[in-house]
Peer 1: 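This is the structure, below, for whatever I ask next.
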Amino acid sequence: MNKTLLQRLADESDLRDLIHRYAFGLDTKDWVLWRSVFADWVVMDMSDYQREPPPRPAPAELIVKNAAVLFDGLERSQHFIGSHRYKIDGDRATITAHMRAEHWLDTGKGGDRYTMFGTYTDDAIRTTDGWKLIRVKLALLREEGNRSLMREAVRRSRDETPNEAAGAAAGAV
């Protein structure tokens with residue numbers, strides 16, 4: 001095999017691992033693992049799910065803190081990410097992948113599941129520590145179940161552990 005093809009295959013493998021660590025970090029609430037997928041600054045564009053706040057660059061630590069408020073309030077979540085497509089241009093890449101994200105929380109009021117279906121389009125850069133995400137965009141295709149359990153998860157998490165980032169945490173990731 002030629003060197004260019006080997007590099008392409010290695011990059012695709014590393015990028016696939018990057019977005020799988022994104023999913024596993026969320027679902028296992030491993031915030032160190034989840035932080036490892038991001039550059040120092042990242043744009044999280046979840047505007048198809050939640051219009052406010054508008055997407056803008058933010059420190060990765062704040063993104064992780066906000067996600068922890070939401071996901072720590074859920075009982076479980078499971079993100080499926082597949083059908084990966086890659087556009088690699090030197091040290092920059094765009095990953096496009098379909099997703100299905102299940103979120104569970106017993107509210108005692110029925111409807112303990114909320115599911116999102118969509119497509120992630122993520123931009124990454126190659127760093128000395130490997131590929132890192134600089135932009136995550138969710139294009140929401142469909143929702144099923146009880147969307148309000150996401151707000152309930154944030155409320156429960158806030159009640160258990162006060163957090164200054166909780167106000168911005170209701171956006172799904």
Peer 1: Other members of the hydrophobic cluster containing Val43, with the 4.5 Å side-chain heavy-atom rule, please.
Peer 2: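 For Val43, no cluster forms, as it stays isolated from other hydrophobic side chains.
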Peer 1: Find the distance between CG (Asp123) and OG1 (Thr94) and round it off to the nearest 0.5 Å.
Peer 2: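 That separation rounds to 4.0 Å.
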Peer 1: With hydrophobic residues grouped by side-chain heavy-atom distances under 4.5 Å, do Tyr120 and Ile88 end up in a single group?
Peer 2: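 Yes, because Tyr120 and Ile88 connect within a single hydrophobic cluster, where side-chain heavy atoms sit under 4.5 Å apart.
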Peer 1: What pairs with Asp48 under side chain to side chain donor-acceptor pair (under 3.5 Å), at least two apart in sequence or on another chain?
Peer 2: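 Once residues adjacent in sequence are excluded, Asp48 has no partner under the side chain to side chain donor-acceptor pair (under 3.5 Å) criterion.
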Peer 1: So which heavy atom on Ala68 is nearest to which on Ser157, and how close?
Peer 2: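 The pair with the smallest heavy-atom distance is O-OG, 4.2 Å.
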Peer 1: Between Asp45 and Arg56, does a salt bridge (Lys or Arg N to Asp or Glu O under 4.0 Å) hold up when you go through it step by step?
Peer 2: CA-CA 8 Å; Asp45 183 351; Arg56 62 185 181 275; over 6 Å; no
Peer 1: Should Ile95 and Leu140 be regarded as members of a common hydrophobic cluster, given that ILVMFWY residues are connected when their side-chain heavy atoms come within less than 4.5 Å of each other, either directly or indirectly?
Peer 2: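 Yes; tracing contacts between hydrophobic side chains, which count when under 4.5 Å, links both residues.
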Peer 1: Testing the basics here: between Lys132 and Ser36, what is the closest heavy-atom pair and its distance to 0.1 Å?
Peer 2: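 Heavy atoms of Lys132 and Ser36 come nearest at NZ-O, 2.6 Å.
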Peer 1: Before giving the answer on salt bridge (Lys or Arg N to Asp or Glu O under 4.0 Å), spell out for Asp11 and Arg126 the whole-Å C-alpha distance, their side-chain angles and the decisive distance to 0.1 Å.
Peer 2: CA-CA 9 Å; Asp11 286 342; Arg126 188 191 320 265; 2.8 Å; yes
Peer 1: Are any side-chain N or O atoms of Asn2 and backbone N or O atoms of Leu5, one a donor and one an acceptor, separated by less than 3.5 Å?
Peer 2: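 Side chain of Asn2 to backbone of Leu5, a donor-acceptor pair under 3.5 Å: yes, one is there.
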Peer 1: Using a cut-off of 6.0 Å, state whether more than 12 heavy atoms not belonging to Arg92 lie near its atom CZ.
Peer 2: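 Count not over threshold, so no.
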Peer 1: Out of curiosity, does Phe24 fall in the hydrophobic cluster containing Val42 (side-chain heavy atoms, cut-off under 4.5 Å, transitive links)?
Peer 2: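 No, it is not one cluster - the side chains of Val42 and Phe24 are not joined through contacts under 4.5 Å.
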Peer 1: I need the minimum non-hydrogen distance between Ile134 and Ala39, along with the two atoms involved.
Peer 2: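 Result for this residue pair: CG2-CB, 3.7 Å.
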Peer 1: Measure across Lys29 and Leu74 and return the closest heavy-atom pair with its distance rounded to 0.1 Å.
Peer 2: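 So the minimum-distance heavy-atom pair works out to NZ-O, 2.8 Å.
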Peer 1: Do the side chains of Tyr49 and Leu149 join up, straight or via other hydrophobic residues, at under 4.5 Å, putting them in one cluster?
Peer 2: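 Linked, Tyr49 and Leu149 end up in one cluster.
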Peer 1: Apply the side chain to side chain contact (heavy atoms under 4.5 Å, CB included) test between Phe117 and each candidate in Glu143, Arg100, His98; give the one that qualifies.
Peer 2: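 The side chain to side chain contact (heavy atoms under 4.5 Å, CB included) with Phe117 is passed solely by Arg100 among Glu143, Arg100, His98.
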Peer 1: Hey, what do you get for CG (Leu138) to CE (Met116), rounding to the nearest 0.5 Å?
Peer 2: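 Going from the CG atom of Leu138 to the CE atom of Met116 covers 5.0 Å.
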Peer 1: Who pairs with Asp30 by side chain to side chain contact (heavy atoms under 4.5 Å, CB included), at least two apart in sequence or on another chain?
Peer 2: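 Here the qualifying residues are Thr28, Val32, Leu33.
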Peer 1: Write down the atom of Leu26, the atom of Phe71, and the distance for their closest heavy-atom approach.
Peer 2: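 Result for this residue pair: CD2-CE1, 3.7 Å.
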Peer 1: Checking Arg85 now: which residues fulfil salt bridge (charged side-chain N to carboxylate O under 4.0 Å, His left out) with it, not counting sequence neighbours?
Peer 2: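 With neighbours one apart ignored, the set is empty.
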Peer 1: Answer whether the closest heavy-atom distance between the side chains of Arg156 and Glu152 falls below 4.5 Å.
Peer 2: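 Counting from C-beta outward, Arg156 and Glu152 do come under 4.5 Å.
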Peer 1: For residues Ser77 and Asp27, is any side-chain donor paired with an opposing acceptor at under 3.5 Å?
Peer 2: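 Asp27 and Ser77 do have a side-chain donor-acceptor pair below 3.5 Å.
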Peer 1: Between Arg113 and Glu144, is there a side-chain heavy-atom distance shorter than 4.5 Å?
Peer 2: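 A side-chain contact exists here, since the closest heavy-atom pair is under 4.5 Å.
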Peer 1: Does any non-hydrogen side-chain atom of Thr121 lie less than 4.5 Å from one of Thr96?
Peer 2: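 Result yes, sub-4.5 Å side-chain heavy-atom pair found.
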Peer 1: Go through the structure and list residues passing side chain to side chain donor-acceptor pair (under 3.5 Å) with Gln78, not counting sequence neighbours.
Peer 2: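 With neighbours one apart ignored, the set is empty.
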Peer 1: Any non-hydrogen side-chain atom of Asp17 less than 4.5 Å from a side-chain atom of Tyr22?
Peer 2: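 Of all side-chain heavy-atom pairs linking Tyr22 with Asp17, none is under 4.5 Å.
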Peer 1: Identify the heavy atoms of Leu15 and Ala124 that sit nearest to each other, and give their distance.
Peer 2: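 Residues Leu15 and Ala124, closest heavy atoms: CD2-CB, 4.1 Å.
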Peer 1: Please tell me whether Phe38 and Trp31 are part of a single hydrophobic cluster in this structure, the criterion being side-chain heavy atoms less than 4.5 Å apart.
Peer 2: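 In one cluster: yes.
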Peer 1: Output all residues satisfying side chain to side chain contact (heavy atoms under 4.5 Å, CB included) with His84, sequence neighbours left out; order by chain, then residue number.
Peer 2: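 His84 satisfies side chain to side chain contact (heavy atoms under 4.5 Å, CB included) with Arg16, Ile19, His20, Ile81, Tyr86, Ala97 only.
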